[in-house]
Amino acid sequence: METSPRYGLGKRHVLALLSFLGFMCVYAERVNLTVAILKMKTEFGWNESRQAFLLSAFFIGYLWSQIPGGWLAARFGGTKVFGFGVFVTSALTCITPLIAHNYYLFITIRIIQGLGEGVTYPALMAMWGRWSPPLERSKLAASGFSGAYVGTIVALPVSYFLCDESFLGGWPAVFYLFGGAGLLWVFVWSCIIYDTPDKHPTIADAERAYIITSIAAQTTGEKRALPSHSVQEAEGEQRPLLFADGAVAEVAEETLNAPVPWLALAKSGPMWAIIIMHFCNNWMFYTLLTSISTYMHVVLNVKMSTGGFDAATPYVALFATTILSGIAADWVQSEKQVSTVRVRKFFNTVAFTIAGIFLILTGWVSEIFPADQQTLGAVAFISIAQGGMGMSVAGFNVNHLDIGPRYAGVMMGITNTAGTISGILGPVVTGWLTPCGMCDDTDSVGYNYYWEGPLPCPPLATRLVPDNSHAFPNFANVSVGYHQCRATEVEAQWRNVFYLTSGAYLDCIVTFLWIHRYAHIHCWNCCVIRIDWLRV
């Protein structure tokens, strides 16, 4: 196995930086509503069900644009698809304050935003299939995708600050700021990013040759020395590479629009392994994103501010391990000559093992830590679990590029569809497993007690305050259909959530290790990404 040449910063690194900033923008535009809605609900009179549907409407569109986004990127190029997706999301974010008073129009806008953002992951993966040398894939992909975590870290506190200020009306400033930043990004992206190295007008010949020949060598197994110079043709035309032995290399043009091998993808064992891992990964990510503040409040009796340090810490850990694991994976492959399949299995196994162990420990913080340290302990365990999952970017997340770089966008669309489905199901299952919640309505007799029923607080026929000297008071005249829960019941219910997720992780690890026996390019990809070696 060869080591990658040290060319320094190049156009592939510019792509990594711009994709990082792009994901920062779209994730900031995704999560800003979770903060702004706290102000908007009062102004527009939205009840809890309306708020919940507004927050979930985004995922309706996000789910359905994944596979089409991958196909469009393969057909027309990832640059246009990624840029268009960010443009749609950003433009609609900017006009949100103007239409928010119309609830049903707002719902429609959120669905369309989901459709726009849904194409971003498949489009960028399609681009990395043509831009990332095999020995740099982990760190390049990790650098781009990690922008999503930084966008979340930045957007939450900034949104809280803007909502409490009078600048541009308070909460509307949240949408103007992040939407405007996204539109500015689209302009820069469209000016300097190109679909392939071969189409880039200012890329250095050495970098272009390195990218094209390294991908070709992985695909065909044929290796050649890097070219001494290029054959410059007419302006705007392709620039083939002239090698020292007289060969000319150029990408076969008819291969760029080859049909997607849907049946081959459906029969691919490694493909199914990635689908399963993506499903498990997103189950935890969205469960924690939507439910962990509820766990902190209900079980630990603290109010976890989604805009504070406690909420940001897990994402800081996730960002750090994503970047570091990408660098480490490429280094192990390049310098230590470790096979790709072993690297992917190692990082995948470690990531899910760490996450599973510390998720279980999170359910026992009330037994492990004294009362005044339970919040800190929970945040620490959750951060370690999330940080562990960051290592999976060097596992299954970049594996699409290993087995089918030409169709990486379509493959990401398929696997992220499974991940989005799990992101929808995870919070629903969590709610089903944790029916007991805390009544936090100060006007209710049941205030600060646990209840299971249709509403968080039971309606009472009388407003008699119970005898609080009892550890478990009995409320008289509680409406039928409500059950008063003990604190031990609530803790047990949330432990079941963490047990389920950890158990699923164990099954996924075993499945990935068993199904995914190799990580080289499949034959249905080899006939597409190839280099035509022409004698001159």
Side-chain angles (χ1 to χ4, degrees), residues 48-49 51-52 283-284 286-306 308 310-311 314 355-386 425-460 465-505:
E48 293 297 325
S49 61
Q51 295 175 58
W283 182 286
M284 170 186 159
Y286 285 110
T287 296
L288 291 181
L289 184 67
T290 60
S291 304
I292 202 61
S293 60
T294 303
Y295 164 77
M296 299 281 287
H297 174 54
V298 171
V299 177
L300 303 179
N301 295 318
V302 296
K303 194 69 174 179
M304 184 178 179
S305 173
T306 55
D310 290 344
I357 291 173
F358 281 91
L359 270 184
I360 292 176
L361 291 177
T362 301
W364 290 90
V365 291
S366 61
E367 303 292 335
I368 299 173
F369 296 97
D372 60 340
Q373 297 180 13
Q374 289 176 11
T375 302
L376 179 61
V379 172
F381 286 162
I382 294 168
S383 299
I384 296 173
Q386 282 278 45
L425 293 178
V428 172
V429 173
T430 298
W432 178 69
L433 291 174
T434 58
C436 293
M438 178 178 289
C439 171
D440 54 7
D441 180 5
T442 56
D443 294 329
S444 173
V445 174
Y447 171 66
N448 212 29
Y449 289 98
Y450 299 115
W451 296 95
E452 177 184 353
L455 297 173
C457 301
L460 303 176
V465 179
D467 180 3
N468 289 322
S469 63
H470 295 84
F472 190 61
N474 294 314
F475 290 86
N477 301 321
V478 174
S479 299
V480 176
Y482 287 85
H483 162 69
Q484 190 178 359
C485 306
R486 297 179 183 271
T488 53
E489 289 182 72
V490 178
E491 290 186 1
Q493 290 173 359
W494 279 95
R495 285 169 187 162
N496 288 336
V497 172
F498 300 133
Y499 290 153
L500 174 64
T501 303
S502 299
Y505 277 7

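Bear in mind that the values here come from a model prediction, so they are computed numbers and not experimental data.
Closest approach of V365 and Q374 over heavy atoms only: O-CG, 3.7 Å. Listed here is the closest heavy atom pair of W364 and I360: CD1-O, 3.2 Å. Closest of all the heavy-atom pairs between Y505 and A355 is CE2-CB, 3.6 Å. Annotation for P314 and Q386: closest pair O-CB, 3.7 Å, computed over non-hydrogen atoms. Scanning both residues, R495 and S366, for their nearest heavy atoms gives NH2-OG, 3.9 Å. A pairwise comparison of heavy atoms in L500 and V429 identifies CD2-CG1, 3.8 Å as the closest pair.
For the pair Q373 (side chain) and P370 (backbone), a donor-acceptor distance under 3.5 Å is absent. Judged by distance alone, the side chain of Q493 and the main-chain N or O of C436 form a donor-acceptor pair under 3.5 Å.
In this structure, the ring of F498 has its center no less than 6.0 angstrom from the ring center of F381.
Separation of atoms CG (L361) and CD1 (I382) is listed at 11.5 Å; rounding is to 0.5 Å. For the atom pair CH2 (W432) and CG (N496), the distance works out to 9.5 Å, reported to the nearest 0.5 Å.
Inter-residue side-chain proximity for F369 and L376 is flagged as unmet; no heavy-atom pair is nearer than 4.5 Å. Counting heavy atoms from C-beta outward, W494 and L433 have side chains that stay 4.5 Å or more apart.
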